[in-house]
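One structure is given below, encoded as structure tokens.
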Amino acid sequence: MRKTTIVALAAVLGVALAAPAVYATTPPVPSLGDCPRGWYVNEPDEAHRKPTPTKDGLEFKGNQLIHRETTGLNTKDLKPGTYVASPKPDQDSFFSVEVNSGPGTYATLRWNTATAKWEMTTGGQFYENADPDLLVDMPPIKKSHQVVSFGVGYTNSPPGTVTTVVSSVSFRGFTYDLTCKPKPEPTKSSSSPTPSPSVSTSASASPSPSASVSTSVSPSASSSASVSPSATATSTPPAVTAAPGEGGGSGSEGGGLPVTGPAGMVIAGGAVVLLAGGIILLIAVRRRRTRFTA
């Protein structure tokens with residue numbers, strides 16, 4: 001029993017000590033696509049223009065940019081978005097949207113904060129207008145009025161010269177968090193108290209029940225040889241504890257000994273044996289005395 005308890009305790013301690021090591025692995029560096037979610041670059045043309053995710057936001061440098069899909073928006077209702085960046089980008093047209101409704105209708109519209117106008121370059125020509133709904137109709141090949149995405153970033157030519165970190169972008173009444181904070185590592189303080197409850201219950205249960213029941217019946221028969229009638233009064237109390245749960249509910253008259261059930265039969269049998277032994281002993285003593293006098 002002791003060997004089984006020690007082996008079980010060792011297994012519990014091994015599992016408890018190994019568990020924190022499984023979860024204490026260093027979280028992977030966030031990559032675009034999983035942090036922040038929902039942002040993308042147009043593959044394959046913009047695959048080399050992905051910004052770098054950091055715990056403070058997306059880091060932009062050179063010609064890097066980012067987009068996020070939007071639906072149900074027309075250039076007639078288009079309002080420029082805002083962003084939080086540090087340090088300030090060196091291009092005033094850092095916020096942009098994309099329009100597209102089919103082949104030949106795609107274009108990028110950039111909001112210039114210095115001029116308060118939307119800008120568009122297509123077919124080698126530059127266009128600008130404060131009204132985006134009019135801007136898309138200015139080229140010879142008109143562009144779409146359907147806005148499909150919004151985002152921030154530098155132009156491809158010329159590229160930006162300031163490395164900036166954007167922590168959030170606001171558009172159409174929503175603010176989007178661009179920070180990529182790593183998940184906290186699990187603490188190891190909760191691993192030590194686990195083995196203690198299992199030790200105290202298994203060690204103290206086995207030795208006690210068998211010792212107190214079996215030894216209280218037999219000594220009363222051998223000690224009664226030297227004591228005759230008075231042994232009936234002193235030997236009865238130990239017999240009551242040998243049958244727990246039996247004699248409590250039947251004795252309702254004046255505190256006397258119970259006369260029914262297995263406990264009553266044992267007591268009555270013991271009294272008969274003691275009485276018979278006393279009578280036999282008395283007869284034997286008298287026979288010896290009569291033979292001596294004869």
Side-chain angles (χ1 to χ4, degrees), residues 28-70 73 75 78-100 105-132 134-136 138-139 143-144 146-182:
V29 177
S31 61
L32 197 61
D34 59 4
C35 182
R37 291 187 179 275
W39 297 86
Y40 62 91
V41 294
N42 294 317
E43 303 280 359
D45 298 340
E46 298 175 349
H48 62 289
R49 301 179 66 181
K50 295 178 181 179
T52 303
T54 71
K55 64 182 182 63
D56 298 319
L58 291 180
E59 181 184 84
F60 295 85
K61 57 185 176 181
N63 63 351
Q64 294 175 343
L65 48 70
I66 199 72
H67 310 286
R68 187 181 182 94
E69 184 180 358
T70 189
L73 180 61
T75 53
L78 177 61
K79 305 295 181 185
T82 58
Y83 54 89
V84 177
S86 179
K88 182 182 176 181
D90 64 347
Q91 289 185 359
D92 295 324
S93 56
F94 199 71
F95 179 86
S96 65
V97 300
E98 292 178 308
V99 295
N100 190 15
T105 63
Y106 172 84
T108 299
L109 281 60
R110 290 182 167 272
W111 174 252
N112 191 309
T113 56
T115 62
K117 292 181 180 180
W118 290 96
E119 301 175 350
M120 178 178 64
T121 300
T122 180
Q125 298 295 319
F126 175 80
Y127 303 90
E128 64 176 3
N129 199 306
D131 187 347
L134 297 177
L135 177 64
V136 294
M138 291 176 68
K143 301 304 176 182
S144 175
Q146 183 179 351
V147 181
V148 295
S149 74
F150 66 96
V152 292
Y154 288 118
T155 60
N156 191 36
S157 179
T161 59
V162 173
T163 299
T164 182
V165 176
V166 181
S167 58
S168 65
V169 175
S170 300
F171 184 62
R172 300 182 71 182
F174 294 94
T175 298
Y176 301 88
D177 184 16
L178 300 185
T179 60
C180 293
K181 297 179 177 63

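Hydrogens, waters and symmetry mates are skipped; everything else that's a heavy atom, side chains included, is used. All values reported here derive from a predicted model rather than from experimental measurement.
One finds a salt bridge joining Lys50 and Glu43 here, because a Lys/Arg side-chain nitrogen approaches an Asp/Glu carboxylate oxygen to under 4.0 Å.
The main-chain N or O of Pro87 is found under 3.5 Å from a side-chain atom of Thr164 such that the two form a donor-acceptor pair. Arg49 contributes no side-chain N or O that, together with a main-chain N or O of Leu65, makes up a donor-acceptor pair within less than 3.5 Å.
Taken from CG in Asp92 to CG in Asn112, the straight-line distance is 5.0 Å, to the nearest 0.5 Å.
A side-chain N or O of Thr155 and one of Gln91 form a donor-acceptor pair less than 3.5 Å apart. Side-chain contact annotation: Asp177 with Thr179, donor-acceptor N/O pair under 3.5 Å present. Thr105 and Asn100 are linked by a side-chain donor-acceptor pair at a separation below 3.5 angstrom, with hydrogens and angles left out of the test. One side chain, Thr70 or Arg172, offers a donor N or O that lies under 3.5 Å from an acceptor on the other.
The aromatic rings of Tyr176 and Trp39 lie perpendicular to each other, with more than 60° between the two planes, well past the 30° mark. Relative ring orientation between Phe94 and Tyr154 is described as perpendicular, the plane-to-plane angle rising above 60° on a 0-90° scale split at 30° and 60°.
The number of heavy-atom neighbours closer than 6.0 Å to CZ of Phe126, taken from other residues, nucleotides and ligands shown, is above 12.
Between Phe60 and Tyr83, the ring center distance fails the sub-6.0 Å criterion.
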